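See structure below.
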Amino acid sequence: MEVMVTISRREYARRRRALLHRMAPGAVAVVPGAGVFPSGSGLEAAFRQDSDFWYLTGFAEPDAVLALRRGREAAGKGGDQDEAILFCRARHAREELYEGERLGPERAAKALGLDAAHPTAELDERMVGLVGAASVLHCSLGEHPGFDQRLSGWLAQARAKHSRPAEDILGLKPLLHELRLVKSAAEIALMRRAAEISVQGHLRALRACRPGLTEGDLEAELLYGFLRGGARAAAYPSIVAGGANACVLHYMANNEPLKKDDLVLIDAGCEYEHYACDLTRTFPVDGRFSGRQRALYEIVLEAQRQAIAACQPGALFDAPDAAALAVMQDGLAGLGLYPPADERPVKVPPERPAFCPHRTSHWLGLDVHDCRGDRPDGVRTLEPGMVLTVEPGLYIPPGAQAVPKKWRGMGVRIEDDVLLRAEGPEVLTQGAPKQVSDIEGVMAHG
Ligand code: GLY
Ligand code: MN
Ligand code: MN
């Protein structure tokens with residue numbers, strides 16, 4: 001039996017404390033949860049909590065808001081403590097008949113370990129007071145336009161009441177995502193589980209694959225594996241791309257037949273307890289790599305091997321990308337698709353060949369493209385507890401006229417999720433076969 005892992009109430013409290021400690025005395029952070037989006041039919045679309053809100057509360061209901069207020073140290077002992085205040089939906093018998101039980105403000109503070117909880121009906125009135133007294137306001141503007149309007153209404157009302165609301169409105173993410181970047185032991189356990197389930201989905205697709213099936217047939221195998229494994233959903237729209245469709249990086253139609261002489265690229269991972277897996281494998285539809293498929297595939301595989309080896313604590317975020325690019329440049333040169341080394345100007349960072357259009361890594365966690373911590377210049381040091389993807393890809397579009405015909409219309413990406421540990425990288429998704437002989441073995445024998 002699977003042991004259910006979750007995040008403890010104590011850990012959520014630790015996260016709120018860590019955020020509060022990064023805030024100035026008297027500062028207030030406002031973190032709205034996700035709202036519900038009516039479908040028009042009376043049935044709501046699937047609800048997914050906002051990741052920042054979830055990280056700080058573990059509260060899954062819609063239409064909630066968290067306010068964190070940093071005490072004013074000058075006020076002295078006992079006088080002005082840090083506070084965590086939740087606004088959530090009031091209990092409502094009729095609505096709960098349709099939607100299920102609500103926690104309700106009466107129970108929420110104790111259940112979630114917060115200082116206070118109030119019904120959303122009191123949000124406006126209480127927030128005018130809170131933001132009116134804040135020294136600095138932290139929020140993520142531009143994410144929920146309706147919420148931004150409400151916030152500016154609170155500020156206007158506070159001014160009208162002659163209080164002097166914060167002049168400094170600062171982002172929340174620069175503080176919060178520094179915390180989210182480094183995963184706790186409990187988070188790593190959840191991400192391991194998301195990876196294991198996703199691997200099982202990929203294995204189902206690999207075993208089922210044969211010419212004549214459609215891309216959608218393999219997607220069905222993936223989703224079956226995810227749901228049977230205990231996940232409730234895919235972490236992002238699954239990509240099942242046969243042949244040249246693999247050259248569309250975020251292909252999602254998934255509705256074409258799989259052809260005998262093609263590769264198929266599957267980029268799919270589940271979400272487990274809000275944590276994402278992001279996993280890509282590319283393999284031959286008929287179970288045997290042809291010479292040209294293997295030539296391209298082995299370049300990407302070696303690029304990925306070297307990029308994973310570059311995932312070391314203390315290395316820069318861009319180190320895996322640079323390692324992958326160097327291998328892919330040489331590999332393409334070996335096929336006559338890129339200038340040989342002695343004809344290339346030495347560039348740091350290495351030039352990105354047109355057939356390698358995307359970066360090699362992004363952070364992974366509650367969101368598939370997690371956190372804001374990879375600076376555009378890649379100057380970010382990798383630390384133990386960070387999780388990033390390593391996903392080099394080579395794509396030769398069908399219209400690449402300058403390239404001999406046999407290479408056109410092939411796309412290969414190999415993506416794993418890598419946990420940084422003090423002793424080096426750990427590949428969370430290693431159970432999904434990627435060596436040529438392993439893929440061919442599973443496809444031949446199951
Ligand atoms: N699945 C999207 C990505 O690999 O970034
Ligand atoms: Mn992916
Ligand atoms: Mn990815």
Side-chain angles (χ1 to χ4, degrees), residues 48 51 180-181 183 191 194-203 205-206 215 218-219 221-223 225-226 231 233-242 245-254 263-272 274-283 297 300-301 303-304 307-308 310-311 317-321 323-325 328 352 355-374 376 378 380 382 386-395 411-420 425-434:
R48 205 272 185 185
S51 295
R180 277 180 54 183
L181 263 182
K183 273 66 181 175
M191 293 189 75
E196 284 162 11
I197 296 168
S198 302
V199 165
Q200 291 309 315
H202 274 255
L203 280 169
L206 191 61
E215 295 163 339
L218 297 193
E219 185 177 12
E221 297 291 338
L222 292 163
L223 293 178
F226 295 170
Y236 53 94
S238 304
I239 297 167
V240 183
N245 293 337
C247 299
V248 180
L249 299 182
H250 286 177
Y251 175 80
M252 285 176 216
N254 296 1
L263 292 170
V264 55
L265 181 156
I266 296 184
D267 183 346
C270 76
E271 177 177 295
Y272 181 73
H274 292 81
Y275 285 84
C277 170
D278 189 5
L279 174 56
T280 305
R281 290 292 183 262
T282 308
F283 52 90
Y297 186 86
V300 180
L301 190 62
Q304 204 223 19
I308 291 173
C311 293
F317 176 81
D318 269 359
D321 191 42
L325 280 177
M328 291 196 289
R352 192 170 295 285
F355 300 137
C356 315
H358 62 77
R359 290 221 290 181
T360 301
S361 298
H362 56 80
W363 306 117
L364 186 73
L366 287 170
D367 293 313
V368 180
H369 291 176
D370 205 47
C371 298
R372 300 283 168 92
D374 54 329
R380 151 70 68 167
L382 301 178
M386 292 176 167
V387 180
L388 70 166
T389 67
V390 178
E391 50 177 309
L394 272 179
Y395 314 87
V412 175
R413 177 162 69 253
I414 306 172
E415 176 174 31
D416 281 296
D417 301 344
V418 174
L419 164 66
L420 266 285
E426 176 188 334
V427 180
L428 299 177
T429 39
Q430 64 183 354
K434 63 183 173 186

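We count ligands from 1, going down the list as the structure has it; atoms in each ligand are counted the same way. Predicted model, so just to flag it, every value in this text is computed and none were measured.
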Margin query: If the cut-off is 4.0 Å to any non-hydrogen atom of His369, which atoms of ligand 1 fall inside it?
Written below: 2 (C), 3 (C), 5 (O)

Next item on the list: Have a look at ligand 1 and work out which part of Thr280, if any, has a heavy atom under 4.0 Å from it: side chain, backbone, both or neither.
Entry: neither

Check: What are the two closest heavy atoms between Cys311 and Val390, and how far apart are they?
Finding: SG-CG2, 3.8 Å

Margin query: Would you say the Mn ion (ligand 2) has Asp278 as a near neighbour, meaning an N/O/S atom of that residue under 2.8 Å away?
Written below: yes

Next item on the list: Can you see which heavy atom on Cys270 is nearest to which on Ser198, and at what distance?
Entry: N-OG, 2.9 Å

Notebook entry, point to check: Do the side chains of Leu366 and Arg180 get nearer than 4.5 Å, heavy atoms only?
Noted result: yes

Notebook entry, point to check: Going by heavy atoms, is Asp267 under 4.0 Å from ligand 1?
Noted result: yes

Next item on the list: Give, for atom SG of Cys371 and atom CG of Leu388, the distance between the pair rounded to the nearest 0.5 Å.
Entry: 11.5 Å

Item checked: Atom name, Glu391 (N, O or S, nearest to the Mn ion (ligand 3)) -> OE2

Notebook entry, point to check: Counting both backbone and side chain atoms, is some N or O of Arg413 under 3.5 Å from an N or O of ligand 1?
Noted result: no

Checklist line | atom 4 (O) of ligand 1: nearest protein contact (heavy atom, Å) | finding: Glu391 OE1, 3.0 Å

Margin query: Taking the ring of Tyr236 and the ring of His250, is the distance between their centroids below 6.0 Å?
Written below: no

Checklist line | Name, closest N/O/S atom of Glu415 to the Mn ion (ligand 3) | finding: OE2

Check: Any idea which protein heavy atom is nearest atom 3 (C) of ligand 1, and the distance to it?
Finding: Asp278 OD2, 3.4 Å

Checklist line | Under 4.0 Å to a heavy atom of Glu415 - the qualifying atoms of ligand 1, by number | finding: 4 (O)

Note to self: Do the side chains of Arg372 and Asp367 get close enough for a salt bridge, i.e. N-O under 4.0 angstrom?
What the structure shows: no

Checklist line | His362 near the Mn ion (ligand 3) via N/O/S, less than 2.8 Å | finding: yes

Note to self: Quick one, Arg413 and Ile239 - any side-chain contact, counting heavy atoms below 4.5 Å?
What the structure shows: yes

Notebook entry, point to check: If you measure from CG on Asp267 to CD on Glu415, what distance do you get to the nearest 0.5 Å?
Noted result: 5.0 Å

